There are 2 protein chains.
Amino acid sequence: MSRVEPDLSALAFSRHDHDRCTATALHQAEAQAARDGLRLTPVRRRALEILLEAHRAMGAYEVLDRLAAEGFGRQPPVAYRALDFLVSHGLAHRIQRLNAYVACLHPAEPHAPVFLICRACEAVAEAPGARVRAALEAGAAAVGFTVERASVEAVGLCPTCSAAG
Amino acid sequence: MSRVEPDLSALAFSRHDHDRCTATALHQAEAQAARDGLRLTPVRRRALEILLEAHRAMGAYEVLDRLAAEGFGRQPPVAYRALDFLVSHGLAHRIQRLNAYVACLHPAEPHAPVFLICRACEAVAEAPGARVRAALEAGAAAVGFTVERASVEAVGLCPTCSAAG
DNA sequence: GCTTGACTGTTACGATATAACACATGATAT
DNA sequence: ATATCATGTGTTATATCGTAACAGTCAAGC
């Protein structure tokens with residue numbers, strides 16, 4: 001059994017080299033684009049960078065403001081299209097609960113995202129979801145339902161905020 | 001170990017006596033209201049009935065239209081407040097993915113809802129979620145995260161639509 | 001009867017998202 | 001080389017979803 005789902009789960013909750021994880025994710029995105037013939041155009045790339053730098057979930061309009069400030073279009077579709085592109089290619093994820101988007105920190109790995117959302121500091125971490133998925137699919141299969149996509153989102157307290165009281 | 005989570009999961013996907021399951025759920029809601037001192041007022045009760053009769057996820061504005069047609073207020077807060085009441089007391093659930101609400105068919109049972117959403121017929125079923133929750137909490141605990149609330153929503157094909165091709 | 005608190009209704013607005021169309025650009029076919 | 005086409009970017013306009021703030025109602029308890 002290969003290590004398909006490395007434990008990067010606590011990343012958003014722990015101290016780490018921000019610039020480095022951003023650079024790595026961007027590098028992986030570029031590699032994937034080159035490999036799959038995706039067009040990581042300026043807006044799309046910049047949108048991904050914005051999400052990576054923020055390192056948290058951002059609303060579409062928030063991303064749009066940043067893009068507009070840098071000379072890109074200032075109308076909603078500009079942001080929504082870039083974000084949709086990123087999401088549809090696994091470079092970012094949509095957090096349903098927050099109507100927001102987060103960059104994926106390990107797009108190269110196949111993974112079934114499970115999100116842990118801290119209600120205090122708003123950090124969003126991606127936890128290993130293989131087991132949750134397995135349980136979900138088993139339950140669905142039992143009633144004849146075929147799962148195509150799933151979103152698993154938990155709201156609670158991250159270690160830091162939990163310790164802070 | 002008592003049977004805390006009976007298999008009502010396939011209910012929305014299978015033929016059954018609609019009127020009867022609606023009446024049962026409504027009866028349970030009333031019992032709960034009486035027991036806990038909740039005020040199941042006319043708007044709230046009617047909103048619940050509307051969701052029960054529809055037996056699918058409905059948007060707040062859709063519920064509002066029905067309420068307004070029956071003489072209740074026609075402004076958004078009317079529907080949102082009734083729905084918030086139902087959700088906060090476990091009589092209905094919010095489906096994040098659809099920005100919509102479904103009546104809970106077994107409010108009396110303690111349960112951790114897992115939703116199966118058919119992309120073809122839009123039916124929404126509540127599946128047993130105990131195992132999924134256990135896996136989710138275990139994964140979260142491993143990184144020091146405390147889960148308070150979670151939403152698990154799967155999009156796919158229900159048995160009927162799956163069979164239909 | 002008066003106060004109080006919960007509920008319902010309103011107006012007004014904010015936040016999120018998409019449809020539809022114009023234009024640019026680069027690849028492909030002629 | 002140029003016509004065609006697909007893809008992407010930008011726009012305007014509008015749809016959809018959700019909430020803040022305040023006025024009126026009404027029943028419970030003093």
Side-chain angles (χ1 to χ4, degrees), chain A residues 29 33-34 36-51 56-89 91-102 117 122 151 153, chain B residues 29 33-34 36-51 54 56-89 91-102 117 122 151 153 155:
Chain A
D36 303 348
L38 306 181
R39 293 179 55 188
L40 194 58
T41 62
V43 223
R44 292 171 177 174
R45 188 193 155 104
R46 195 62 197 115
L48 177 56
E49 287 173 3
I50 287 168
L51 289 181
R56 63 184 172 85
M58 292 180 80
Y61 279 72
E62 203 179 346
V63 173
L64 177 59
D65 284 347
R66 305 273 252 100
L67 290 173
E70 298 175 18
F72 294 101
R74 47 184 59 260
Q75 304 307 321
V78 169
Y80 282 103
R81 286 194 290 231
L83 292 168
D84 286 349
F85 171 87
L86 297 175
V87 169
S88 68
H89 293 96
L91 301 175
H93 299 292
R94 179 181 166 81
I95 309 296
Q96 310 283 346
R97 193 138 200 146
L98 304 177
N99 290 336
Y101 302 81
V102 269
I117 307 164
E122 301 194 321
S151 49
E153 302 175 0
Chain B
D36 302 350
L38 307 181
R39 294 179 55 186
L40 194 57
T41 61
V43 225
R44 292 171 176 174
R45 191 194 153 102
R46 194 63 197 115
L48 178 56
E49 287 173 4
I50 287 168
L51 289 181
R56 63 183 172 83
M58 293 180 80
Y61 278 73
E62 203 179 344
V63 173
L64 177 59
D65 285 346
R66 306 275 252 98
L67 290 173
E70 297 175 21
F72 294 101
R74 47 185 61 261
Q75 304 306 323
V78 170
Y80 282 103
R81 285 194 290 229
L83 292 168
D84 286 350
F85 171 87
L86 296 176
V87 169
S88 68
H89 293 97
L91 301 176
H93 298 293
R94 179 181 167 83
I95 309 295
Q96 309 283 346
R97 192 140 199 145
L98 304 176
N99 289 338
Y101 301 81
V102 270
I117 307 164
E122 300 194 322
S151 50
E153 302 175 357
V155 175

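Just so it is clear: chains get the letters A, B, ... in the order the sequence lines come, proteins before strands, and each one is counted from 1. Note that these values count all heavy atoms, side chains included, but never hydrogens, waters or copies made by symmetry. Just so it is clear, the model here is predicted, and its values are computed rather than measured.
- With rounding to whole Å, A/Leu98 atom CG is found 15 Å from D/dG18 atom C1'.
- Residues A/Ala29 and A/Leu48 share a closest heavy-atom pair of CB-CD2, 3.6 Å.
- Close to D/dT16, at under 4.0 Å from its OP1 or OP2, lies no side-chain N or O of B/Asn99.
- Distance check: A/Asp84 CG to A/Tyr101 OH gives 5.5 Å after rounding to the nearest 0.5 Å.
- Put simply, the side chain of A/Leu86 does not reach to within 4.5 Å of the side chain of A/His93, judged on heavy atoms.
- Judged by distance alone, with hydrogens and angles left aside, the side-chain atoms of A/Glu153 form a donor-acceptor pair with the main-chain N or O of A/Gln96 at under 3.5 Å.
- Partners of A/Phe85 according to the ring-ring contact (aromatic ring centres under 6.0 Å, His included) rule, which considers only residues two or more places apart in sequence or in another chain, are A/His89.
- The stretch residues 60-69 of chain A touches DNA chain C through A/Tyr61, each having a heavy atom within less than 4.0 Å of the strand.
- Within the 4.5 Å cutoff, the side chain of B/Leu51 has no heavy atoms near those of the B/Leu91 side chain.
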Spell out protein contact along nucleotides 4-13 of chain D as letters: B when the base is contacted, S when just the sugar-phosphate is, - when no protein heavy atom is under 4.0 Å; keep the 5' to 3' order. ---SSBBBB-
Output side-chain donor-acceptor pairs under 3.5 Å for residues 57-69 of chain A, partner residues at least two apart or in another chain, one line each.
residue	atom	partner	partner atom	Å
A/Glu62	OE1	A/Gly59	N	3.4
A/Glu62	OE2	A/Arg56	NH1	3.3
A/Glu62	OE2	A/Arg56	NH2	2.6

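- Backbone-only contact: B/Arg94 has heavy atoms under 4.0 Å from sugar-phosphate atoms and none from a base.
- Atom OH of B/Tyr80 and atom C1' of D/dA21 are 18 Å apart (whole Å).
- Distance check: A/Leu83 CG to A/Arg44 CZ gives 11.5 Å after rounding to the nearest 0.5 Å.
- Pairs passing the side chain to side chain donor-acceptor pair (under 3.5 Å) check and including a residue from residues 69-79 of chain A, sequence neighbours excluded, read A/Arg46-A/Glu70.
- When the side chain to side chain contact (heavy atoms under 4.5 Å, CB included) test is applied to B/Val155, the partners found at least two apart in sequence or on another chain are A/Arg149, B/Arg97, B/Ile117, B/Arg119.
- For DNA chain C, the span of nucleotides reached by chain B at under 4.0 Å from its heavy atoms goes, 5' to 3', from C/dA6 to C/dT11.
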